[in-house]
2 protein chains.
Amino acid sequence: MSSASASEPQTGEIMPDWVRPIVKESLSERAYRELRVALMRGQLRPDTRLRLRPMSARFGISATPMREALLRLVSEKALALDARGSVVVPRLALDQLLEIRAIRTDLEGRAAAAAIASPAGEIDALEAIHVQISQCHASRDFAQAVNLNTEFHLSLCRLGRMPILYEIVELLWVRCGPILSHLYDDGVPDWEPHPHRRIIDALRRGDSDTARDAVREDIERGGSGLFAHVRPSPAG
Amino acid sequence: MSSASASEPQTGEIMPDWVRPIVKESLSERAYRELRVALMRGQLRPDTRLRLRPMSARFGISATPMREALLRLVSEKALALDARGSVVVPRLALDQLLEIRAIRTDLEGRAAAAAIASPAGEIDALEAIHVQISQCHASRDFAQAVNLNTEFHLSLCRLGRMPILYEIVELLWVRCGPILSHLYDDGVPDWEPHPHRRIIDALRRGDSDTARDAVREDIERGGSGLFAHVRPSPAG
DNA sequence: GCCCGATATTTGTTATAACAAATTACAAAC
DNA sequence: GTTTGTAATTTGTTATAACAAATATCGGGC
């Protein structure tokens with residue numbers, strides 16, 4: 001580690017920039033990150049129990065960092081604790097799904113409105129994602145379409161350049177992860193024009209109001225296939 | 001499972017309901033909760049270092065649950081890690097404060113709009129908080145006024161009955177905690193009518209649009225005293 | 001006075017062990 | 001076959017120890 005570490009005191013030497021990205025990732029953070037992407041990709045089914053010691057064995061680490069990773073996801077509500085104190089993959093309630101959609105309407109809408117300042121290349125990249133989604137629809141590759149749809153929304157949020165907002169929205173998507181695989185259970189929407197297209201066109205025209213409204217339309221009209229996989233709300 | 005502990009197998013016995021509130025709070029959760037309210041009350045100054053072992057000594061617990069509590073707050077971004085890996089009370093950047101205000105406008109605005117369905121008594125309670133704030137202004141008790149102002153906004157959000165939204169907003173307030181004590185550094189605003197009053201009146205009239213707009217006004221025009229205590233944004 | 005370098009301490013991280021509570025497994029009794 | 005009671009296992013929680021890296025302390029040289 002001759003030259004990289006960020007905490008090294010300044011030598012007179014001038015270092016090229018490309019030596020820096022030596023990141024030291026703790027064991028708990030690696031486990032956290034792996035579990036998180038597994039959640040977002042829908043690879044963990046609701047009600048799955050994640051027991052501490054079996055998990056730490058699977059990851060090849062001790063209980064302490066594994067517990068850290070699990071509890072961090074619990075604190076984000078991406079996972080939950082059952083009555084026994086065991087970590088489980090939660091099943092979203094109807095109330096929660098509706099609330100998440102409402103919050104996403106506000107936040108993703110604001111991000112989209114802020115994204116009109118984006119350079120053309122980044123809007124092109126967003127469009128490229130939507131083209132891939134359309135291809136997945138055509139080839140009936142719904143698993144990939146789900147992941148790309150997530151990527152579309154998160155990429156759009158990144159264009160808004162609001163890091164705090166982005167993290168909130170990402171948390172909401174993680175929470176929906178376990179049921180997201182059913183996004184297309186009701187079939188492929190064939191709206192014309194697709195809300196994603198409306199978003200992209202609005203961004204190109206610098207029309208923030210239309211961008212925001214297209215996001216709202218996408219959220220409100222989409223995702224109907226998810227409702228079959230939420231639990232009824234308590235006393236609702 | 002007629003009435004008692006959720007995990008207890010069904011005995012024929014019928015238990016009164018009041019035996020239930022036996023809550024077992026783990027050591028880490030108690031430390032987490034205490035630190036969190038200390039943050040929200042502005043009792044921890046920015047750049048304060050919270051070292052692991054001294055902290056666990058102060059709380060009279062071992063390093064493991066203390067580390068859990070600290071890392072949980074780090075994961076919520078209520079605390080941060082410096083280059084050494086030490087936990088520190090972060091200093092908000094200007095960008096972040098502006099972004100938090102924008103997000104609060106959306107979310108607290110939506111909560112206020114949803115709160116028009118609230119029973120009259122709860123709106124009265126909200127008004128009572130604002131009356132206390134006015135009294136604090138008159139008696140120059142700004143420390144208490146800050147806490148009550150926080151309580152006003154969080155109470156308003158609770159009225160919206162959107163638990164996920166509420167938790168997000170609360171997180172945003174926790175992140176502002178370390179600089180909130182400077183809320184009145186620019187003096188007491190003497191707008192007429194005070195936005196809080198507009199909110200309360202709008203709730204009573206069931207006017208969701210005005211409620212939302214009054215929240216926006218309160219956020220946009222208030223809190224100018226905070227800007228002197230944020231660090232300049234990186235390359236901003 | 002200031003700077004340098006070796007030692008001692010403290011730091012965050014991870015592993016392991018001890019503990020109580022809960023769950024499971026299993027065999028005896030009905 | 002079902003139930004019941006006891007033992008064995010597994011669970012989450014907490015404490016403690018070991019480790020390397022970073023930091024602080026302190027003395028000597030200039």
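Here is how names work: the chains are called A, B, and so on, in the same order as the sequence lines, proteins then strands, and each is numbered from 1.
Taking atom CG on B:Leu70 and atom C1' on C:dG12, their separation rounds to 11 Å, with Å as the unit. Whole-Å rounding puts the A:Arg51 CZ to D:dG12 C1' distance at 13 Å. One atom, CD1 of B:Ile61, and another, C1' of D:dT16, lie 14 Å apart when rounded to the nearest Å. Rounding to whole angstrom units, CG of residue B:Leu52 and C1' of D:dT16 are separated by 13 Å. Following rounding to the nearest Å, B:Glu68 (CD) and C:dG12 (P) show an atom-to-atom distance of 16 Å. A:Arg53 places its CZ atom 7 Å from the P atom of D:dG12, with the value rounded to the nearest Å. Residue B:Met66 contributes atom CE, which lies 19 Å from atom P of C:dT14 at whole-angstrom precision. As rounded to whole Å, 12 Å separates atom P of C:dT11 from atom CE of B:Met55.
When only modelled atom types and interatomic distance are considered, A:Glu99 and B:Tyr166 share no side-chain donor-acceptor pair under 3.5 Å. Checking A:Ser181 against A:Arg45 by side-chain atom types alone, a donor-acceptor pair falls below 3.5 Å.
Nearer to the 5' terminus of DNA chain C, by closest-nucleotide assignment, is the contact made by B:Val87 (compared with the other of B:Val87 and A:Ser62).
Comparing D:dT13, D:dT16, C:dG12 against the side chain of B:Ala63 picks out D:dT16 as the nearest. The listed nucleotides are D:dT14, C:dT13, D:dT13; the one nearest the side chain of B:Leu27 is D:dT14. For A:Ser86, whose side chain is taken as the heavy atoms from C-beta onward, the closest listed nucleotide among C:dT14, D:dT11, D:dA15 is D:dT11.
Using bins of under 30°, 30° to 60° and over 60° for the plane-to-plane angle, the ring pair A:His182/A:His229 lands in the parallel bin.
Under the side chain to side chain contact (heavy atoms under 4.5 Å, CB included) criterion, A:Asp82 pairs with A:Arg49, A:Arg84, A:Ser86, A:Val88, not counting sequence neighbours.
The residues A:Arg158 and A:Glu151 are annotated as salt-bridged, a charged nitrogen and a carboxylate oxygen being separated by less than 4.0 angstrom.
Judged by distance alone, with hydrogens and angles left aside, B:Thr64 brings no side-chain donor or acceptor close enough to the base of D:dT13 to form a pair under 3.5 Å. With hydrogens and angles ignored, no donor-acceptor pair under 3.5 angstrom links the side chain of B:Ser28 to the base of D:dT14.
Remark: A:Arg67 is in phosphate contact with D:dT13, judged by side-chain N or O atoms under 4.0 Å from OP1 or OP2.
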